[in-house]
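Throughout, protein chains are lettered first and strands after them, A, B, ... in sequence-line order, and every chain is numbered starting at 1.
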Number of protein chains: 2
Amino acid sequence: MRAIAEAAGVALGNAYYYFGSKEHLIQEFYRRTHREHLAAAAGVLAEEVEFKERLLGVMRAKVDTIMPYHRFAGVLFKSAADPASPLNPFSVESAPLRAEATALFAVVVEGSRLRLGRELRAALPGLLWTYHMGVVLFWIHDVSPGCRRTYRLVERSVDLVARLVALSRLPPLRPLTRAALRLVDDPAGED
Amino acid sequence: MRAIAEAAGVALGNAYYYFGSKEHLIQEFYRRTHREHLAAAAGVLAEEVEFKERLLGVMRAKVDTIMPYHRFAGVLFKSAADPASPLNPFSVESAPLRAEATALFAVVVEGSRLRLGRELRAALPGLLWTYHMGVVLFWIHDVSPGCRRTYRLVERSVDLVARLVALSRLPPLRPLTRAALRLVDDPAGED
DNA sequence: GTCTATAGCAAGATAGAC
DNA sequence: GTCTATCTTGCTATAGAC
């Protein structure tokens, strides 16, 4: 809070005039970066129809968007890591924003020429959100100049994801696809 | 440190007679649970020759081993999350233990009847270590009774991994396998 | 609305008696 | 070796003047 207040050019106490708590402030920060991500991704999503290119554009836009905050990524992650924290991406408090982010990946899929089975189509946005969290996790630890390694990871992993998804419809891979969907579906007995 | 000292039945100050810092204590804790994991996994590794069963046994042993410490998983993860912390699994300080854990997965592979290409054989232990960290991450957040969901994740994901690895040799999947290996290999230009 | 000052607390670590 | 007592720090959050 001290660092943020200083960066904002206001006194520490003043931050609490606008935000009820540290958690509220950070939640708002996350909302803001998500809106920035939406804006940064709008271009490719309007132009591209190829799934792979759409995903690549969205992932690059993601890294571009959060890059200015790489310095704070460590502290933010420390807060988010606590399973009991509302800032944890899997918490109920994070559910709305998580849903919005997942919706973006749904747009990536829906706006593409990708042909998919019903089940995979339903599950894919959530899977892509998880994938994107993995990339962010990598980015947090990335100390390479300009986070070049993260960008390379994005390029290569998007390629891999696109291949996997495309192949998933092939008959020999159907059982594997079904197994993967069962893994993520978790039907009925939630616990 | 206070909680640990209390659980150990000693005074807070006394903990610092045995451990130079919190980090040293936790590192030792990690070493200890790893040794316990080795012991718990020894049985299956001695008996089974099927890759899938070996991996399943090792993963179940892992969850069994860490289960008593589920209460502390949150705090421990908070420490480990900081990229600057020596407790971070990707830190240099964690490198020796990470290597030992990876070696265990090498044993899983080597002791099995699995036929693999040279490159995948070399990369697989590290990939399995990463996979196992993902399972641990899930376990940290798992609040289901007895962490049933984690055990189910292990069963299903091991099945999936085994299928994937088995299929990786098939000619139509070779390019995908090569792409996956490139993803993880990161040759030459480390950054 | 913004400031300064400070309350309150949790946690890591140390001092020094026994 | 083990204890109690305490130091120090770092942080969230609040009080109250302006």
Can you check side-chain contact (heavy atoms from CB on, under 4.5 Å) on Ser112(A) and Glu48(A), steps first, answer last? CA-CA 8 Å; Ser112(A) 78; Glu48(A) 273 293 342; over 6 Å; no
Of the nucleotides [options], which has the atom closest to the [X] side chain?
X	options	value
Ala11(A)	dG12(C), dT4(C), dT4(D)	dT4(C)
Asn14(A)	dG12(C), dT14(D), dT2(C)	dT2(C)
Tyr18(B)	dG1(D), dA11(C), dG1(C)	dG1(D)
Tyr16(A)	dA13(D), dC3(C), dT2(C)	dA13(D)
Val10(A)	dC3(D), dC3(C), dA13(D)	dC3(C)

Gap between atoms [atom1] and [atom2], on [X] and [N] respectively (whole Å):
X	N	atom1	atom2	answer
Arg2(B)	dC9(C)	CZ	P	14 Å
Ile26(A)	dC11(D)	CD1	C1'	12 Å
Tyr17(A)	dA15(D)	OH	P	16 Å
Lys22(B)	dT8(D)	NZ	P	21 Å
Lys78(B)	dC11(D)	NZ	C1'	11 Å
Met1(A)	dC3(C)	CE	C1'	16 Å
Ile4(A)	dA13(D)	CD1	P	11 Å
His24(B)	dG12(C)	NE2	P	15 Å

State plainly whether the residues Arg31(B) and Glu28(B) are in salt-bridge range, i.e. N to O under 4.0 Å.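 A salt bridge links Arg31(B) with Glu28(B).
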I'd like to know if Arg178(B) pairs up with Glu119(B) as an ion pair, taking the criterion as any Lys NZ or Arg NE/NH1/NH2 lying under 4.0 Å from an Asp or Glu carboxylate oxygen.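 A salt bridge is present here (some side-chain N lies under 4.0 Å from a carboxylate O).
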Walk me through whether Phe77(B) and Val136(B) qualify under side-chain contact (heavy atoms from CB on, under 4.5 Å). CA-CA 10 Å; Phe77(B) 185 42; Val136(B) 171; over 6 Å; no
Between Val75(B) and Gly20(B), just flag the one whose closest nucleotide in DNA chain C comes earlier from the 5' side.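 Its nearest nucleotide lies further toward 5', so the answer is Val75(B).
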Are Tyr131(B) and Phe105(B) close enough that their ring centers fall under 6.0 Å?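 Here the rings of Phe105(B) and Tyr131(B) have centres that are no less than 6.0 Å from each other.
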